[in-house]
J.: 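Sharing a structure with you now.
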Amino acid sequence: MPVALRLDELNPPQREAVTTVDGPVLVLAGAGSGKTRVITYRVAHLLERGVPPEAILAVSFTNKAADEMGERVEKLVGPRIARRLTMSTFHSLGMNLLKAEKKSLGFAFTIYDASDQLGVVRELLRRVSIDDRKFDTKAILFRISGAKNKFLSPEEYQAQAGDHEYDLIAADLYPKYQEALRNFHALDFDDLIVEPVRLLDRDADVRARWQDRFRYVMVDEYQDTNRAQFNLMSHLVRAHNNLCVVGDDDQSIYGWRGAEAGHILEFERHFPGAHVVKLEENYRSTPAILDAANAVISHNAKRHPKRLWTARRPGEKLQMVVADDPEVEARFVAEEIEILCGTRSYKPGDCAVLYRSNIQSKPLEEALRMQRLNYRVVGGQSFFDRKEVKDAIAYLKLALSPRDEISLRRVINYPARGIGATTLDRLAGHARERGITLFDACMHARATSLFDATPQPSGAPIEDVGGKPQQAVTAFCDLIDRGRSLLASKTNLKSAAREFLEAAGLSDDLRGAAASPIQAQRRLENLEGFLESLDRFEQREGRNLSSFLNRLSLQTQDDDAETDKSDVVTLVTLHGAKGLEFPVVFLVGLEEELLPHRRTLYPNGPDVPDANVDLGEERRLMYVGITRAREHLYLTRAANRAFRASARPRTPSRFLDEIPEALYDRRDASAPPPAASPEDADAFARAALEKMLKMTD
DNA sequence: AGTAGAGGCGTTTTT
DNA sequence: CGCCTCTACT
């Protein structure tokens with residue numbers, strides 16, 4: 001250990017959480033209570049006590065959280081030791097476990113992301129000729145995924161599923177979905193958790209190896225674990241129970257995705273003898289903000305009781321703002337940010353606007369643009385989701401793994417090369433008959449002329465197709481062959497990939513098909529950016545394309561290291577805001593049917609009132625929003641909001657009633673800002689002038 | 001293969 | 001209302 005750890009920098013409960021190293025520990029970490037600090041110090045403390053770095057595992061949900069953890073530990077213990085620790089997401093842990101044990105699994109795999117998964121479901125629907133795509137594929141996939149995460153086999157799922165139309169379809173498709181993935185040598189995100197658990201379950205050697213490897217395990221954001229993740233983790237620690245979980249049941253906002261808050265509520269039952277530490281001192285927000293947060297969340301029933309407090313000075317009251325409509329609300333936000341940046345020493349980067357659903361960002365973006373404030377929208381389409389990048393990835397995946405039918409279907413006729421639906425159907429039929437993969441069927445077509453020979457046994461006689469499709473399929477097979485040998489032979493992956501994609505006609509298509517030269521330029525840049533990141537990977541980790549592609553699948557967010565967020569306003573959903581903090585926060589659209597959301601209020605349709613709905617998760621969203629603010633918190637809403645064309649009067653969110661009136665000032669968004677002091681007005685005028693000057697440059 | 005027009009839909013989405 | 005998807009036509 002390079003530096004002796006300063007445990008006196010911690011408050012007493014934090015220190016307790018850091019130094020209680022053996023046996024199960026539950027750290028209930030309120031918002032802003034120094035949670036990451038506890039985890040990183042705990043890791044450092046373990047190392048100081050002589051635990052080898054290889055024996056320590058820290059798991060989180062997002063790459064961002066994992067990276068941050070890694071960076072902060074590195075500051076404490078130095079890069080040499082930090083490198084030997086395992087700090088990863090659940091999914092990359094699962095992936096690495098499977099890779100390390102690939103003999104047990106039996107095959108190398110590609111990872112299917114959400115859009116690949118949807119592709120599989122869509123294909124299966126077509127196959128069982130469940131008449132058409134009148135069904136919401138997402139809803140079906142959602143059910144299958146839910147079943148997998150709960151470890152329900154297809155039979156078990158069938159037994160317990162409702163008889164809703166979608167339940168029946170999902171029950172029918174679930175086994176077929178799994179079979180298809182195995183055929184394609186693909187694993188979806190859920191499999192990355194579920195398969196390791198199965199493996200640990202059935203193979204005692206593997207189990208012993210991994211239990212022995214990680215002797216101290218930590219899990220961040222424990223309130224968000226689903227059953228599969230819980231099982232994975234408990235398998236890993238069963239031998240020693242040196243498990244420390246950190247989380248906040250009040251910030252559990254992913255229940256709809258299968259996260260079970262019960263895990264954190266019942267930790268002491270799952271791990272008897274658990275040591276429980278509560279971190280309630282908040283280092284982030286002013287008392288007014290915390291009082292509001294405590295007031296709101298105390299209306300929830302099922303929770304570990306706790307109350308955030310702070311030693312900070314009182315600070316200012318919250319602002320409760322009513323606007324006529326969303327446009328006025330948005331204009332208010334933009335102008336207020338302008339004022340804060342003019343008269344107080346805030347920068348746009350200190351400000352964030354939080355909303356329940358993405359559609360709400362639109363008027364805000366317009367107002368900010370009008371005010372000439374820079375902003376970024378968190379979430380949205382990420383770099384690797386862009387079509388041109390996904391197409392490139394599909395080509396590479398296919399070259400590596402020809403069984404990957406989803407990638408094959410994605411690119412077989414893109415760019416257009418004359419392999420239409422008919423040809424594809426014929427190929428698929430041929431594949432089915434012989435029980436071979438779709439790609440092998442393509443290869444057969446190349447070798448044996450599938451098209452003008454024998455009539456199909458079941459179908460109509462084959463009309464003369466004139467050999468053209470066969471030529472096209474042959475050319476396609478040659479292309480993939482060429483790609484494969486390029487990737488194997490060329491000196492570096494980047495140039496191999498570039499040549500391959502060039503040969504596929506991808507860049508030509510980007511140039512030709514774009515609506516404008518600017519768009520074409522942008523797409524080519526995206527493609528180039530992708531090749532750059534491939535190159536960086538090869539420099540760093542060596543020539544391993546499949547590792548690169550697998551990692552890409554797990555890296556959904558833009559690594560926004562390059563985007564400078566210091567001077568731009570952040571727009572983000574309440575879900576996306578978890579883990580972030582800002583000096584100035586605007587919570588907008590605080591109205592009934594937005595927060596709490598209609599779909600939560602009326603789960604059975606808008607005309608079916610339901611008095612028994614549980615609004616706990618919606619309230620926690622409100623709580624998460626409030627606790628993002630350090631100094632200033634604005635609670636805004638619109639009195640009217642258009643809903644499908646017609647304007648409708650809005651009721652304030654019931655959560656606003658839960659905030660004591662003494663904590664806030666009321667404002668009207670259209671009224672002039674409260675009288676500023678002469679100095680403020682002066683500073684504002686100066687700032688405005690400066691800005692005008694800057695604009696004319 | 002590409003596109004115009006109809007029709008349907010409208011919450012959140014760490015990996 | 002506005003977007004996205006599908007369909008039917010060229």
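Keep in mind it's a predicted model, so treat the numbers as computed, not measured. Below, chain A is the first sequence line, B the second, and so on; all start at residue 1.
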J.: Toward the 5' end of DNA chain B, which comes first, A:Ser92 or A:Ile419, by nearest nucleotide?
T.: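 In this pair, the answer is A:Ile419.
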
J.: Any side-chain heavy-atom pair from A:Leu187 and A:Leu98 closer than 4.5 angstrom?
T.: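 They are in side-chain contact.
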
J.: May I have the distance from A:Leu424 (atom CG) to B:dA1 (atom P), rounded to whole angstrom?
T.: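 Distance check: A:Leu424 CG to B:dA1 P gives 12 Å.
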
J.: Which nucleotide wins on minimum distance to the side chain of A:Leu554, given the candidates B:dT15, B:dT11, B:dT14?
T.: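 Among the listed nucleotides, the one closest to the side chain of A:Leu554 is B:dT15.
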
J.: OP1 or OP2 of B:dG10 versus the side-chain N and O atoms of A:Ser357: is any pair under 4.0 Å?
T.: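 No, no such contact exists.
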
J.: What class does the angle between the rings of A:His263 and A:Phe230 fall in, given that below 30° is parallel, 30 to 60° is tilted and above 60° is perpendicular?
T.: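 A:His263 and A:Phe230: parallel rings.
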
J.: Assign A:Phe90 to base, sugar-phosphate, or nothing according to its heavy-atom contacts below 4.0 angstrom with the strands shown.
T.: nothing

J.: Of all the nucleotides listed (C:dG2, B:dT14, B:dT11), which has the minimum atom distance to the side chain of A:Tyr254?
T.: B:dT14

J.: OP1 or OP2 of B:dT14 less than 4.0 angstrom from a side-chain nitrogen or oxygen of A:Asn63, does that happen here?
T.: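 Looking at the OP1 and OP2 atoms of B:dT14, neither is under 4.0 Å from any side-chain N or O of A:Asn63.
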
J.: Measure the distance from CZ on A:Arg122 to C1' on C:dC6 and round it to the nearest whole Å.
T.: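 In whole Å, C:dC6 C1' and A:Arg122 CZ are 12 Å from each other.
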
J.: Measure from CD on A:Glu617 to P on B:dT11 and round the result to the nearest Å.
T.: 16 Å

J.: Mind checking A:Asn226 for me? I need base, sugar-phosphate or nothing, with any heavy atom below 4.0 Å counting as a touch.
T.: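 No contact.
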
J.: Given atom CZ of A:Arg599 and atom P of B:dT11, what is their separation to the nearest angstrom?
T.: 4 Å

J.: How close or far is atom P of C:dC1 from atom CG of A:Asn640, stated in whole angstroms?
T.: 18 Å

J.: Rounded to whole angstroms, how far apart are CD on A:Glu221 and P on B:dT13?
T.: 16 Å

J.: Rounded to whole Å, please give me the gap between CD1 in A:Ile359 and C1' in B:dG10.
T.: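 Going from CD1 in A:Ile359 over to C1' in B:dG10 covers 7 Å.
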
J.: Roughly how far apart, to the nearest Å, are B:dT12 and C:dT5 at atom C1'?
T.: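 Looking at atom C1' only, B:dT12 and C:dT5 are 23 Å apart.
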
J.: Separation of A:Leu118 atom CG from B:dT13 atom P, in whole Å?
T.: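 Between P of B:dT13 and CG of A:Leu118: 16 Å.
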
J.: Of all the nucleotides listed (B:dA1, B:dT11, B:dT13), which has the minimum atom distance to the side chain of A:Asn413?
T.: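 Of the candidates, B:dA1 comes closest.
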
J.: Give the nucleotide from the list B:dT14, B:dT12, C:dG2 with an atom nearest to the side chain of A:Thr573.
T.: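 For the A:Thr573 side chain, the nearest candidate turns out to be B:dT12.
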
J.: Could you check whether the side chain of A:Arg257 and the base of B:dT15 have a donor-acceptor pair of N or O atoms closer than 3.5 Å, going by distance alone?
T.: yes

J.: Just compare B:dT11, B:dT12, B:dT15 and give me whichever is closest to any side-chain atom of A:Thr89.
T.: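 Comparing B:dT11, B:dT12, B:dT15 against the side chain of A:Thr89, the answer is B:dT15.
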
J.: Do the charged groups of A:Asp248 and A:Lys35 touch, with an N to O distance under 4.0 Å?
T.: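 A:Lys35 and A:Asp248: not salt-bridged.
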
J.: Indicate, with a heavy-atom threshold strictly under 4.0 Å, whether A:Asp190 touches base, sugar-phosphate, or nothing.
T.: nothing

J.: Answer yes or no: does atom NZ of A:Lys138 have more than 12 heavy-atom neighbours from other residues, nucleotides or ligands under 6.0 Å?
T.: no

J.: Tell me whether A:His575 and B:dT12 count as stacked here, given that the ring centres must be under 5.5 Å apart and the planes must differ by less than 30 degrees.
T.: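 Stacking between A:His575 and B:dT12: absent.
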
J.: Can a cation-pi geometry be assigned to A:Lys578 and A:Tyr254, taking NZ or CZ under 6.0 Å from the six-membered ring centre and within 45° of the ring axis?
T.: no

J.: Could you check A:Asp191 against A:Arg182 for side chain to side chain contact (heavy atoms under 4.5 Å, CB included), going step by step and ending with a plain yes or no?
T.: CA-CA 11 Å; A:Asp191 289 329; A:Arg182 287 313 94 93; 2.8 Å; yes

J.: Counting only side-chain N and O atoms of A:Asn358, is one of them less than 4.0 Å from OP1 or OP2 of B:dT12?
T.: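 So the side chain of A:Asn358 is within the cut-off, an N or O lying under 4.0 Å from OP1 or OP2 of B:dT12.
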
